[in-house]
Amino acid sequence: MRWTKILLCAALAWLPFSVGAATFEIGFVTLTLYMASILLLIPMALYRKFSGKYPFGLRLVDCGIILLCSSYLTSTLFARNPLGAGYLAVHAIFVPVASYYVIKALVETESEYRQAITALTIGFSLFCLVALATFIESGMTLRVRVLSRDAIAVSTMSMVALVIFFISTTVPRLIRGLGILASLGGLIASMARSYLVLLVLAPGIWRIVRAGRGFLFIVIFLGASLGGTLFLSSNSELMKAKGWKPGQENGIERLTNIEYWKEGLHGRLLTFQESLRHFEAAPIFGTGLRPPDELGSTVHNFHLEWLEYGGVVGYLLCAGILLSHYMSSQKVAVSDPWCAGNLTMMILLFANGLTNGMMHGLMPYLFFILLGFNEARLNISKQVSTDTTPRMVRNRFTYEPRILGV
């Protein structure tokens, strides 16, 4: 079924462009080419699993995802505004989850994995080039919005592409170098403060994951970041800036003046307080996904998104999905650089999500796509480990990739 591979690769390459180009409506539902492709691939993924030779590899993470979807489906059906909540649920939960299952089901071999991850990287790199060109055309003084994608989406694509390029040491140097330059250009154009910090921290995170300590790291990260979120939300005045001018927030001052860093966080903390009040009103099952109010799309912190929308139950499900995946994959990451790269990218994504959220825009799509890719890696790794051909075992990952020059 070669066309399924082509359609999957085309969908992944088109993902960054899908919001701002070639959208269409069926009734009151707005679809993108990416969404339509994933919907078309679902029956083929089911057929391939039922009739193919490779098992799906059902793990604890899959049970957690099913429970999470059931929880949000219930809250969406009984929401005060089902249409608005349904729109958020489609883009924050159901299409991203469908992407996860399609990728995990259809990416079964090493070559299929390389083709799919290459398609995603090409799409991100091209979008970064478009963003850089738009930034240069604007005079390089303000952050730009490109094809309905905001600066955080552009910087997220840049970071993911950079990690993949640094892992792909077998790619010709010229192509790899051009891809790295394009991705760095997108990062510069986005003026994303959080990712600039994470770019420096990425080599250390990579080494921790490669040492088989990914699960321990994510446990510490979740605990420390939740504590920090709650502390700062209760002490927002600590981040109050002095000499801050709103008109320069999206200019070069946002990178060079620490007061703009503080004020950016202070503005987030005010929305965090409102989100905590919503959580206190419905602490067990949360408020359910609801249309954005005057505060923005969703609260810009993944801990508070999980707590506000899903309550303690939803938070435990989301955290459980993440923890169970890291627990099952940390040993594979020691010998498989692609698995380690996916785990590193997810950590970077969630670290950025502390101040930019994970349940709106590109973030939920990319998280479940990376999760699907890594679950596929676990299945591929299992196939190799059960192969009795010594030569194949010896040739498994004959290089040790470097990330960000380390």
Side-chain angles (χ1 to χ4, degrees), residues 64-97 150 152-153 156 194 218 221-237 239 264-323 346 349-368 371:
I65 291 173
I66 292 171
L67 290 174
L68 182 68
C69 289
S70 301
S71 173
Y72 277 106
L73 177 59
T74 302
S75 64
T76 299
L77 292 175
F78 290 96
R80 294 181 179 179
N81 183 356
L83 188 61
Y87 174 84
L88 291 177
V90 165
H91 291 281
I93 303 291
F94 298 117
V95 175
V97 166
D150 60 21
I152 293 302
T156 300
S194 59
I218 202 68
F221 168 76
L222 288 177
S225 60
L226 176 59
T229 295
L230 296 178
F231 173 78
L232 289 176
S233 297
S234 302
N235 299 273
S236 60
E237 290 305 309
M239 292 295 111
L265 180 56
H266 180 259
R268 298 278 199 277
L269 294 175
L270 297 180
T271 67
F272 292 0
Q273 294 170 0
E274 182 69 19
S275 180
L276 284 171
R277 284 192 284 270
H278 291 150
F279 165 67
E280 290 170 358
I284 305 302
F285 296 105
T287 63
L289 289 168
R290 56 187 180 81
D293 52 24
E294 68 276 5
L295 295 177
S297 51
T298 66
V299 61
H300 279 38
N301 178 283
F302 73 86
H303 288 295
L304 299 183
E305 287 174 330
W306 292 353
L307 287 171
E308 178 183 349
Y309 299 143
V312 173
V313 172
Y315 186 93
L316 292 177
L317 284 173
C318 291
I321 289 169
L322 194 62
L323 292 173
M346 282 189 273
L349 197 64
F350 275 94
N352 173 72
L354 288 172
T355 55
N356 286 297
M358 283 292 297
M359 295 188 72
H360 61 272
L362 182 69
M363 307 305 176
Y365 284 82
L366 191 51
F367 168 62
F368 280 103
L371 195 64

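Atoms considered below: every heavy atom in the structure, side chains included; atoms not considered: hydrogens, waters and symmetry mates.
When all heavy atoms of S233 and L276 are compared, the pair lying nearest together is CB-CD1, 3.8 Å. Of all the heavy atoms in G357 and H360, the pair that sits closest is CA-CE1, 4.1 Å. Minimum heavy-atom separation, S194 to T355: CB-OG1, 4.3 Å. Of all heavy-atom pairs spanning P364 and A92, the tightest one is CB-O, 3.4 Å. In plain terms, the two heavy atoms of S236 and L270 that are nearest each other are OG-CD2, 4.3 Å.
S225 and H303 are linked by a side-chain donor-acceptor pair at a separation below 3.5 angstrom, with hydrogens and angles left out of the test. Using modelled atom types, one finds no donor on one side chain facing an acceptor on the other under 3.5 Å when comparing Y309 with H278.
The CG atom of L371 sits 11.0 Å away from atom CG of L366, with the distance rounded to the nearest 0.5 Å. Note that the CG atom of L322 and the CG atom of L317 stand 13.0 Å from one another [nearest 0.5 Å]. If you take CG on L362 and NE2 on H91, they are separated by 12.5 Å, rounding to the nearest 0.5 Å. The structure places SG of C318 at 10.0 Å from CD1 of I65, a figure rounded to the nearest 0.5 Å. Taken from CG in L304 to CE in M358, the straight-line distance is 14.0 Å, to the nearest 0.5 Å. In this structure, the separation between NE2 on H266 and CZ on F272 is 12.0 Å, given to the nearest 0.5 Å.
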Exercise for review: Could you walk me through whether F279 and T287 pass the side-chain contact (heavy atoms from CB on, under 4.5 Å) test, one step at a time?
Suggested key: CA-CA 7 Å; F279 165 67; T287 63; over 6 Å; no
Point to revise | Derivation of the side-chain contact (heavy atoms from CB on, under 4.5 Å) call for E308 and R290 | key: CA-CA 10 Å; E308 178 183 349; R290 56 187 180 81; 2.3 Å; yes
Practice item. Report the C-alpha distance between F302 and L222 in whole Å, list the side-chain angles of each, state the deciding distance to 0.1 Å, and finish with yes or no for side-chain contact (heavy atoms from CB on, under 4.5 Å). Key: CA-CA 10 Å; F302 73 86; L222 288 177; 3.8 Å; yes
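Contact of the L289 side chain with the I93 side chain is registered, since non-hydrogen atoms from C-beta on lie closer than 4.5 Å. Counting only heavy atoms from C-beta outward, the side chains of W306 and L316 never approach each other to under 4.5 Å. A heavy-atom distance below 4.5 Å is found between the side chains of Y72 and L68.
The pair R277-E274 counts as a salt bridge, with a side-chain nitrogen and a carboxylate oxygen less than 4.0 angstrom apart.
The main-chain N or O of T271 is never found under 3.5 Å from a side-chain atom of S275 such that the two would form a donor-acceptor pair. Using a distance-only test at 3.5 Å, with no hydrogens or angles considered, no donor-acceptor pair links the side chain of S71 to the main chain of L67.
Checking N301, N356, V299 one by one against R268, the side-chain contact (heavy atoms from CB on, under 4.5 Å) holds for a single residue, N356.
Applying the 6.0 Å contact sphere to CZ of F94 captures more than 12 heavy atoms from other residues, nucleotides or ligands. Crowding of Y87 atom OH: a count of heavy atoms from other residues, nucleotides or ligands under 6.0 Å not exceeding 12.
The aromatic rings of F367 and F350 sit perpendicular, their planes meeting at an angle over 60°, well past the 30° parallel limit.
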